[in-house]
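By convention in this document, chain letters (A, B, ...) are assigned in the order of the sequence lines, proteins followed by strands, and residues within each chain are numbered from 1.
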Number of protein chains: 2
Amino acid sequence: MYYQLSPTEQNYIKQIYTLSDGNHQNVLTSDLAAAIKIKAATATDMLSRLSDKKLVDYEKYYGARLTDKGKQVALNIIRKHRLWEVFLSVKLGFSWDEVHEMAEELEHATNDELSNRLEQFLGNPKTDPHGDPIPNRKGEIEKQKTIRLSETGQDDTVEIRSVEDQNPALLKFLSKHKLTPGARLLVKEINQYDRSLEIKVNNKKVLQLSRDVAENLWIIRVK
Amino acid sequence: MYYQLSPTEQNYIKQIYTLSDGNHQNVLTSDLAAAIKIKAATATDMLSRLSDKKLVDYEKYYGARLTDKGKQVALNIIRKHRLWEVFLSVKLGFSWDEVHEMAEELEHATNDELSNRLEQFLGNPKTDPHGDPIPNRKGEIEKQKTIRLSETGQDDTVEIRSVEDQNPALLKFLSKHKLTPGARLLVKEINQYDRSLEIKVNNKKVLQLSRDVAENLWIIRVK
DNA sequence: AATAAAATTTAGATTCGTCTAAAAATTTAA
DNA sequence: TTAAATTTTTAGACGAATCTAAATTTTATT
């Protein structure tokens with residue numbers, strides 16, 4: 001019961017959690033393999049090992065889902081990941097699009113006592129720099145009802161919560177135009193022919209956003 | 001030339017550096033094995049692999065010593081280790097004897113950009129909480145001419161620089177009596193029969209230290 | 001519904017870091 | 001200086017995490 005999980009195992013579990021959207025759907029071998037950048041055969045192998053350890057429910061050919069035990073592991077890693085992201089961005093001044101990779105390494109070098117102290121040192125932040133909520137030490141996470149920017153209507157005022165795609169080019173683009181979590185957006189116009197959006201950012205600059213970009217921005221409606 | 005070293009390899013290199021006392025002597029297979037807590041056969045194996053990679057000069061049966069390349073690797077890891085120790089102790093409030101293990105993990109999850117920013121964030125500290133100097137980003141380390149407390153004479157005033165033994169019980173004892181780096185000690189008396197020392201700590205409490213403990217405290221003479 | 005295409009699993013191989021047991025070399029002691 | 005004790009190395013094995021290639025199962029298409 002109380003053996004240590006390897007960083008590799010923890011990574012698989014974290015990815016399964018993310019891909020299952022908080023454990024609401026089964027994760028397919030191929031999707032998992034793509035996310036972790038390993039071959040499908042390897043994912044199959046690991047899935048059956050995680051299944052032996054009761055961390056996932058896995059049915060051959062139909063994918064996997066985390067058990068309660070697995071979900072706790074996932075949320076604990078995600079907690080550490082996001083706390084480090086806050087540290088790197090707020091205390092060390094790394095930009096929003098640089099922190100992910102580093103946090104990926106640090107999270108596995110972090111025991112619970114360390115993450116708890118770090119949280120306190122950071123002033124108990126509620127979200128990471130991408131706007132995603134940080135699970136508390138019991139593994140509870142605040143559920144946000146977000147929608148994609150592409151799903152808003154004209155004249156809506158919204159606030160960016162998180163970004164879906166981790167593509168560096170996209171993150172750079174967003175960073176450049178201040179399209180970061182917390183940013184306020186006014187949707188001025190929606191073009192019917194290509195579904196692009198004209199938006200005003202933080203009550204200042206007006207921008208044209210492609211449908212593609214809008215699909216990747218998760219937002220909440222404001223007011 | 002530019003492949004990544006594994007955390008394991010980095011650990012071996014760091015230990016070789018430490019055991020060779022800054023590369024002044026050959027490190028024997030058995031000492032290395034004891035320090036890393038692996039079997040001698042494993043150490044032999046790794047030594048020949050590190051030799052293939054030109055990180056150590058290794059001669060069968062006579063031990064190993066770091067090459068210049070290996071020494072750079074060692075100092076870079078030690079730099080990261082000690083910066084994290086400062087962070088954990090100064091910013092997160094961990095005690096002096098708790099930080100080593102955690103820093104051991106974090107050092108391998110740290111790229112150069114991160115250690116540089118961390119250093120700046122910490123206000124460019126010169127030493128870690130144990131009093132050991134932190135190598136700069138070029139891998140240069142301040143050489144201190146320290147001696148063991150057991151080598152001082154009566155009435156000397158000295159300052160603790162570092163502790164040799166990493167034994168937790170010893171660290172706790174030292175911590176309890178404020179025998180930490182930076183502490184000022186006045187050697188009041190040296191008992192000839194058991195070579196124990198009577199010392200005054202920070203101009204306050206008077207203590208009796210066994211020869212064993214005195215052997216483990218590295219100090220510099222003051223004034 | 002049969003077959004072609006795609007996804008998944010199985011089988012077998014490889015590398016890293018470790019072990020134990022046995023062989024070889026060095027050091028110590030009689 | 002020879003024999004005994006100790007240290008080191010070699011040989012062979014193993015588990016974790018990965019791969020490729022082949023076999024199997026599921027899904028899609030005609």
Looking at D/dA11, C/dT18, C/dT9, which one has an atom nearest to any side-chain atom of B/Ala41?
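Looking only at side-chain atoms, B/Ala41 lies closest to D/dA11.
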
Of the listed nucleotides D/dT8, C/dT18, C/dT8, the one nearest the side chain of B/Leu28
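The closest nucleotide is D/dT8.
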
Is there a side-chain polar atom (N or O) of [X] under 4.0 Å from OP1 or OP2 of [N]?
X: A/Lys60; N: C/dT10; answer: yes
X: B/Tyr61; N: D/dT6; answer: no
X: A/Ser48; N: C/dT9; answer: no
X: B/Thr42; N: C/dC19; answer: yes
X: B/Thr8; N: C/dC16; answer: no
X: A/Ser6; N: D/dA17; answer: yes
X: B/Thr44; N: D/dT10; answer: no
X: B/Arg49; N: C/dG17; answer: yes
X: A/Tyr12; N: D/dT18; answer: yes

What integer distance in Å separates [X]:[atom1] from [N]:[atom2]?
X: B/Tyr58; N: D/dT7; atom1: OH; atom2: C1'; result: 11 Å
X: B/Asp52; N: C/dG17; atom1: CG; atom2: P; result: 13 Å
X: B/Lys39; N: C/dT18; atom1: NZ; atom2: P; result: 13 Å
X: B/Glu9; N: C/dT15; atom1: CD; atom2: P; result: 15 Å
X: B/Leu50; N: C/dG17; atom1: CG; atom2: C1'; result: 12 Å
X: A/Tyr62; N: D/dT24; atom1: OH; atom2: C1'; result: 13 Å
X: B/Gln4; N: C/dC16; atom1: CD; atom2: C1'; result: 16 Å
X: B/Glu59; N: C/dT26; atom1: CD; atom2: C1'; result: 13 Å

Quick one: do the B/Ser210 and B/Asp212 side chains pair a donor with an acceptor below 3.5 Å?
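No, because no side-chain N or O of B/Ser210 sits under 3.5 Å from a partner of the opposite role on B/Asp212.
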
What pair of heavy atoms forms the shortest contact from A/Asp31 to A/Leu19, and how long is it?
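Looks like O-CD1, 3.8 Å.
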
Determine the minimum heavy-atom distance between B/Val86 and B/Asp128, stating which atoms define it.
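Residues B/Val86 and B/Asp128, closest heavy atoms: CG2-CA, 3.7 Å.
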
Under a 4.0 Å N-O cut-off, is there an ion pair linking A/Arg195 with A/Glu215?
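No salt bridge links A/Arg195 with A/Glu215.
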
Is any side-chain heavy atom of B/Ile219 less than 4.5 Å from a side-chain heavy atom of B/Ile160?
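Yes. Closest side-chain heavy atoms under 4.5 Å.
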
